[in-house]
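Counting from 1, the numbers follow the sequence of the chain as shown.
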Amino acid sequence: MAALLQWRKFGFFDIKANIDGGKLAEVVKDADVTCAAAGRGHVYVGDTNGWVHSLTRQLKLDSFQAHDRAVNSITAFDNTSVIITVADGKDGPSEIKVWAPDKPDVHGHPACLRTLCPDPRPSTSGSRSTPHQALQVPRVTAIAVNPNLSLMAVGFSDGAIMLYRGEVSRERGSKHRVLLTVSSGITSLHIRHTPRSTHLFVTSHTNIYCVNCTVRDKETTVELDSVGCQRGCATLADGRHEHYFLVARPDAIYSYTSDSRGSCYVFEGEKTMVAWFRGYLIVASTDKGVPPTRVSDRTITIYDLTNKLVALSTKVQGLASVVGEWGGLYLVTAEPSLIHMSEKDLHSKFQLLFKKNQFDIAISLAKTQCCDQEEVAEILRQYGDWLYSKGNHPVAMDQYIKTIPHLEPSYVIRKYLDTQHIHNLTTYLQALHRSGSATADHTSLLLNCYTRLRDTQQLDEFIMSKNGAVDCDVELGVRVCRSAGYFDHALALAAKHGLHHHHLAILIDDKKDYVAALRYISTLDLEEAKGNVLRYGSVLLSHVGDETTELLIRLCTDYKPSNTPIIKEGSLDGYLTPEEPVYADPEDFEYMLVGHSEQAITFLEKMATIPGKLSVKLYTTLLAEYLHQYSLAPEGQEQVALGEKVMELLRSTDNEYCRDHALLLCDKLKFHDGKLLLWEQAGMYEELLAWYAELGDMDSMLAVCSRKSHQHPRLWCSALKLITSSSSLVPPDQQHLMTCLSNIEQKGLLPPLEVVDQLATSPHISLGQVREYLLRVVSTHSATLAAEAARTQQYSQETSRMRDTIRELRTSATQFTATKCNICNNDLELPSVHFLCRHSFHQHCFESYSESDSDCPVCLPENKKMLDVIKAQETHRSQHDQFHEQLERSADSFSVVADYLGRGVFTHLHSLAAMYPSLNTTKNQSNVVPRAVAVKVAQDVADSASEARIRATEIRPKHGKGVVVPEPEGRLRALERVNQGPVETPTTSLIIYH
């Protein structure tokens, strides 16, 4: 219940009287205004003479007579131009007419669409009404029409209500019936229609009802109150204000919904009329104890029920009706005249409220008028500034908080930066964070306020909400808590939100709790754990080296977070699924181990036990750590053990390390055993021999030569140079010297002259020391010279014999005395084929086995081999690079030159042929034997058979070909040896015809 005294009064409406300029009074003349209505851009006024006057916005006035009696009510609509008038009937029922102002008749007046004379009494057919009964005809006291004209309710003075369904403006299709009858006369009817329902609100002198008319012929009635109201004291409000139906009584204004009674408003005065206009309730009332008359003064009060204020309160004489049209509120008086009450604009209202410092009402008004949030925030800011100027800082802060996020936060923060306002500032900053409008600077300022207040409880409430979410920038919150010394809060905040870097920084840098840091890292996933170990591993190795090393080993083998359950929840059904191991690359932690040699050795040794874990780089690192510890260890068992580890690592064939780097490390850290081993493995035997020679350890030097002489025999030459070096101050050992000379002699590594030259460079070697070697060399050379001389003589004899054979073949005839075929080994028979190589064949055997007509089948395989050798020699003659390479690599260069000389590398074939033209034979230069020779051969053969002789004399050569005598094969071979090159040597055969 709201009392009127609590509501403030303002002048939100401007009053302009007699806006019609007397036109309405001139038309009405001596009649009185009885009712008014507005709709479709017109204001309709009814008078006691039954006329209806229509007034447009341009104040153009039209009139027509609707009834012959006073017009009791007019109903107009916004969506249609139809109007409905009601008047009392003469000695009968009341008269209801439906007019169409936009459809004039022949006289220019609105057409009457329908006329009704409703009578709620039951009909009495066959009997006439008596005069007494006519006097008792109930009058129409209220009417309500649905805006779509499909439903009309009519109330009567006897309490009856008739309901018309169908088109109101047509007779056809319209049906009516008495809906209900109450105990007293009906004072008002109002229809509230929504897309889902239709309700009829009914008031009588004694009751208030609501009838649900949604379903045809299934109407239901609900009694809302047992107290009624007078005529004109009820109105229907907008649904958005939740005051659906308002009823005015002398004590208060009551509100009702479709099923119950709502709130009430206690307003003073005797209410004579109520109306609703754009969210305002207009109430006309008279003073208590003053009976209302037609021309008496009425107090017009306009209430804003939502904002609980009085928008206007004024007095009007002779109020007849209140209508709303053309965007304004109009009062029709009994004079008659038209009074316009125009609502001020919103800006003017705000200015009026600001002058009176009514900021709370301005804020409420702005919200109900659907102002944007920026405008509301500006009003709140002005309200807060006014409260702040009055010293009411907490309430001012409440207003400033409502301006978030529209007002710039710095505007408020500057006002509350004093220490005495720190609590209010904290409240504002908390609100900023809750709205999500805070920046990092605001978070920092808020946390500084908490730390300055030393209020741990508020700090906890701010950084940790009930569901674990944080209302601030978490990283900034952690940093502020750390700087203020709230390490536990910072730890909790970082752990809650997965800020592992900050969590570990607090444990390591602030709390120095390295063990806890390791435990925390071991609970993280692989990637997170790896990243944080790389970031803080060096510090952890310095303080908790063993534990950190164990963590590194876990990361690189089969890592699982320490808080991971042994058996996953999904495996509880009995089916264990093997998991793929996850691990980090050990090489990622290499640089972190620098400076922590012992931990590095432990870690790398463990990794070395797992095949494929250590790369070349890590094996080299392990070797470097071994050598570093070796250089620092005192002489004794510890150093020996480390040396053995180094040698084992270097000897192992499974360990892949960088040998160049290892050699550099061994040399730098003076680990000579490892250096010598690496030299030997790398094939750097020259350096190895020089090292032993420098130390004077000739036995070890010669041992290396003995071990590697199979692959590198010239190491004996290098050893000889080192033994006989002119820089040596000590004479060489006789045994060592002879060992070198013996191996050089046996393997033929150096010519004796070079050996003698090398021995001559040493000032400590005498002739007697190498006497035995020299005697063996002289003896060997003498034997070689004798053998070469004998071979030379043999070659000379063979050459002379070959030349004689060639000469005989050229100068004398060749007699073929063979009697057997060299293929079938049978006696020769004519025709036969003879070759200069002394091979003879039957012609049919020769044709069967020979590959060509000019080659001997027996000598052809050997000749082909010789030709292939000659071609190969010719091919090798052009391979000069190979010749030079062999010449450089060979110990006996003379042998290489002699070999290539024999292949004809240094001899031009054509120049040699030019030197010996008589020896140049080709296939096209076959010698033709004279006819006398052919006859002599035929006669020698004919001695054995006269038939053969007769046939020999008869047969003549065919196709003009003579008998061809081939060149001897021995001569051709001699030519090949002289020419040292491939020569085509066709064997010309002698064919005997018979």
Task: salt bridge (Lys or Arg N to Asp or Glu O under 4.0 Å) evaluation trace for Glu167 with Arg114 - done: CA-CA 11 Å; Glu167 183 66 31; Arg114 184 180 182 184; over 6 Å; no
TODO: Before giving the answer on salt bridge (Lys or Arg N to Asp or Glu O under 4.0 Å), spell out for Asp225 and Arg261 the whole-Å C-alpha distance, their side-chain angles and the decisive distance to 0.1 Å.
DONE: CA-CA 8 Å; Asp225 204 341; Arg261 193 176 83 171; 3.4 Å; yes
Open item on the list: What verdict does the side-chain hydrogen bond (donor to acceptor under 3.5 Å, both in side chains) test give for Lys315 and Thr299, after you've listed the backbone C-alpha separation in whole Å, the side-chain angles of each residue and the deciding distance to 0.1 Å?
Closed with: CA-CA 4 Å; Lys315 288 186 177 293; Thr299 301; 3.0 Å; yes
- [ ] Dump the intermediate steps for side-chain hydrogen bond (donor to acceptor under 3.5 Å, both in side chains) on Thr272 and Arg298, then the final yes or no.
- [x] CA-CA 9 Å; Thr272 60; Arg298 308 287 177 92; 3.2 Å; yes
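Contact record, Val71 with Gly46: CB-CA, 4.3 Å, taken as the closest heavy-atom pair. The heavy-atom pair separating Phe354 from Ala362 by the smallest distance is CE2-CB, 3.9 Å. Considering all non-hydrogen atoms of both residues, Gly11 and Lys344 come closest at O-NZ, 3.0 Å. Annotation for Ser63 and His53: closest pair OG-ND1, 2.5 Å, computed over non-hydrogen atoms. Shown here for Asp78 and Ala38, the closest heavy-atom pair between the two residues is OD1-O, 4.4 Å. In this structure, Thr206 and Ser184 approach most closely via the heavy-atom pair OG1-OG, 2.9 Å.
One finds a salt bridge joining Glu219 and Arg177 here, because a Lys/Arg side-chain nitrogen approaches an Asp/Glu carboxylate oxygen to under 4.0 Å. A salt bridge links Glu378 to Arg381: at least one charged side-chain nitrogen sits closer than 4.0 Å to a carboxylate oxygen. Ion pair Lys29/Asp47 not flagged as a salt bridge, since none of the NZ, NE, NH1 or NH2 atoms sits closer than 4.0 Å to an Asp/Glu carboxylate oxygen.
Judged purely by distance below 3.5 Å, without hydrogens or angles, the side chains of Tyr280 and Glu343 pair a donor atom with an acceptor atom. Asp398 and Tyr428 share no side-chain donor-acceptor pair at under 3.5 Å.
More than 12 non-hydrogen atoms from other residues, nucleotides or ligands lie less than 6.0 angstrom from NZ of Lys356. Applying the 6.0 Å contact sphere to CD of Glu26 captures no more than 12 heavy atoms from other residues, nucleotides or ligands.
Tested against Leu55, the residues Val27, Leu61, Leu24 include a single side-chain contact (heavy atoms from CB on, under 4.5 Å) partner, Leu61. Checked against Tyr303 for a ring pair (Phe, Tyr, Trp, His ring centres under 6.0 Å), the options Phe13, Trp276, Tyr265, Phe267 give a single hit: Phe267.
In terms of modelled atom types and a separation under 3.5 Å, the side chain of Trp326 and the main chain of Gly41 share a donor-acceptor contact. With hydrogens and angles disregarded, no donor-acceptor distance shorter than 3.5 Å links the side chain of Ser197 to the backbone of Thr194. Looking at Lys308, its side chain never comes within 3.5 Å of a backbone N or O of Trp7 through a donor-acceptor pair. Panel note: side chain His42, backbone Arg40; a donor-acceptor pair is recorded below 3.5 Å. The backbone N or O of Leu149 lies less than 3.5 Å from no partner atom in the side chain of Asn146, so there is not a single donor-acceptor pair. The backbone N or O of Leu59 sits less than 3.5 Å from a side-chain atom of Lys23, completing a donor-acceptor pair. Remark: the backbone N or O of Arg139 is paired with a side-chain donor or acceptor of Ser157 at under 3.5 angstrom. Judged by distance alone, the side chain of Thr187 and the main-chain N or O of Cys229 form a donor-acceptor pair under 3.5 Å. Although no hydrogens or angles enter the test, the distance criterion places no donor-acceptor pair under 3.5 Å between the side chain of Gln58 and the main chain of Lys60. Put simply, the side chain of Gln382 never gets that close to the backbone of Leu380: no donor and acceptor are under 3.5 Å apart.
The NZ atom of Lys175 lies 13.0 Å from the CG atom of Leu163; values are rounded to the nearest 0.5 Å. To the nearest 0.5 Å, atoms OG1 (Thr333) and CD1 (Ile339) are separated by 5.0 Å. In this structure, His109 NE2 and Asp62 CG are separated by 10.0 Å, a value rounded to the nearest 0.5 Å. Rounding to the nearest 0.5 angstrom, the gap separating the OG atom in Ser337 from the CD atom in Gln317 is 9.5 Å. Taken to the nearest 0.5 Å, the CG atom of Leu180 stands 7.0 Å off from the CD1 atom of Ile186. From Asp297, atom CG reaches atom OG of Ser285 across 11.5 Å, with rounding to the nearest 0.5 Å.
In this structure, His190 has its ring center at least 6.0 angstrom away from the ring center of Phe201.
Relative orientation of the His67 and Trp99 rings is perpendicular, given thresholds of 30° and 60° on the angle between their planes.
Both cation-pi conditions hold for Arg249 and Tyr254: the charged atom is under 6.0 angstrom from the six-membered ring centre and inside a 45 degree cone around its axis. A cation-pi contact, defined as under 6.0 Å to the ring centre and within 45° of the axis, links Lys349 to Phe12.
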